[in-house]
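This structure is a prediction, so every number in the text was calculated from the model and none was measured. Computed from heavy atoms alone, side chains included, the values below leave out hydrogens, waters and symmetry copies. Residue numbers start from 1 in every chain, and the chains themselves are labelled A, B, ... in the order their sequence lines are given, proteins ahead of strands.
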Protein chains: 2
Amino acid sequence: MAGFGDYVRTVRTALAEKDMRYSLRQVAQRIDVEPAYLSKVERGLVPPPSEATIVRLAGDLGEDPDMLLALAGKVSSDLQAIILRRPKQFAELIRQLRDAPDQAIVKVVREVRDGNW
Amino acid sequence: MAGFGDYVRTVRTALAEKDMRYSLRQVAQRIDVEPAYLSKVERGLVPPPSEATIVRLAGDLGEDPDMLLALAGKVSSDLQAIILRRPKQFAELIRQLRDAPDQAIVKVVREVRDGNW
DNA sequence: TGGCCTGTGTACTACATAGTACACGTTCCA
DNA sequence: TGGAACGTGTACTATGTAGTACACAGGCCA
């Protein structure tokens, strides 16, 4: 299970090759955590950070926050808030889509975006 | 904001009027928590229980688990697991449906159920 | 009037979460 | 050749989560 830390380290070091502002210490400073902590996170010695910290990290590295949160096993709280307003409808929808192919979801998104309701 | 505890107490006492097996103590025993704890939960003196305990409580009271979890501010972990498999697609879908009318969601559920892909 | 059930108050606890603080050895380069 | 930045090891901490344990007062009824 690749994991959050490995992915972050891979992305960060790739950026660091071209730009020294992506050293562990400088990233840690920008996202406001201790370097030692980010080091442990990247090596998987501690669990992934909080949602807020992951979002800052995603912003700094130019990564998709939802994807990075997912690698950490978290669903972003704004999505949760949307679901919580209509729990039964969303529960049914999501369970319905559990085994649907990716294409089906994309299609549904498009239909909803085009506002045919 | 009405809240989890109030709702549980209302439902439970309604059941208890007709059937003494829905006393606080007997419910607590069936769902395997201390009576004092359930008492505090119902009065909002402590935060809502864990997901597992809420699910047992919903089962005992004949309530919808997703709804009771929502009152507790939680999204059930099986839904989260589904979302985490395809975070970007589901994130887009859910945000797209944030302001959609209930009917739109129901319609989408029906379309997906009818295997529209 | 004693035993049983009711709900509740107080005190305490185990574990998880989300980090900080500081010291250390290494490498680079001016 | 020394100081600045690099990543890392060890120790510690504050807060939240999810409850348990036990004692207590009141109602019921046999």
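As a whole-Å value, the separation of A:D32 CG from C:dA18 C1' is 13 Å. Residue B:I54 contributes atom CD1, which lies 12 Å from atom C1' of D:dT17 at whole-angstrom precision. Regarding B:E42, its CD atom lies at a distance of 13 Å from the P atom of C:dG9, rounded to whole Å. To the nearest angstrom, P of D:dC22 lies 19 Å from OH of B:Y37. Summarising the geometry, the separation between CD on A:E51 and C1' on C:dT17 is reported as 14 Å, rounded to the nearest angstrom. B:L38 has its CG atom 16 Å from the C1' atom of D:dA21, to the nearest Å. Atoms CD (B:Q29) and C1' (C:dC5) sit 12 Å apart, rounded to a whole Å.
Checking side-chain atoms of B:Q80 against main-chain N and O of B:V75 turns up a donor-acceptor pair under 3.5 Å. Judged by distance alone, with hydrogens and angles left aside, the side-chain atoms of B:R12 form a donor-acceptor pair with the main-chain N or O of B:Y22 at under 3.5 Å.
Using a 4.0 Å heavy-atom cutoff across all strands shown, A:P47 reaches no nucleic acid atom at all. Within the 4.0 angstrom heavy-atom criterion, only backbone atoms of the sugar-phosphate kind lie near A:V33; the bases stay farther away. Residue-level contact check: B:Q26 touches the backbone only, with heavy atoms under 4.0 Å from sugar-phosphate atoms and none from bases.
Of the candidates A:R86, A:K88, A:R95, B:D66 forms a salt bridge (Lys or Arg N to Asp or Glu O under 4.0 Å) with just one, namely A:R95.
Between A:S50 and C:dG19 there is a side-chain polar atom (N or O) within less than 4.0 angstrom of OP1 or OP2. The side chain of B:R25 places no N or O atom within less than 4.0 Å of a non-bridging phosphate oxygen (OP1 or OP2) of C:dC4. Listed pair A:R12 / D:dG7 meets the phosphate criterion, a side-chain N or O lying under 4.0 Å from OP1 or OP2. Taking only side-chain nitrogens and oxygens, A:T53 comes nearer than 4.0 Å to OP1 or OP2 of C:dG19. OP1 or OP2 of D:dG9 lies within a sub-4.0 Å distance of a side-chain N or O belonging to A:R43.
Proximity note for A:R9 (side chain, C-beta onward) versus D:dG19, C:dG9, D:dG7: the nearest is D:dG7. Among the nucleotides D:dA21, D:dC6, C:dT8, the one closest to any side-chain atom of B:K40 is D:dA21. Here the nucleotide nearest the side chain of A:S23, chosen from D:dG9, C:dT8, D:dG7, is D:dG7. Listed candidates were D:dC6, D:dG9, C:dT20. Nearest to the side chain of A:E34 is C:dT20.
Side-chain contact between B:I94 and A:I94 is present, with heavy atoms from C-beta onward closer than 4.5 Å.
By the neighbour-count criterion of 12 heavy atoms within 6.0 Å, atom CZ of B:R30 is densely surrounded, having more than that number from other residues, nucleotides or ligands.
Contact of B:K74 with D:dT17 (side chain to base): no donor-acceptor pair of N or O atoms is detected under 3.5 Å.
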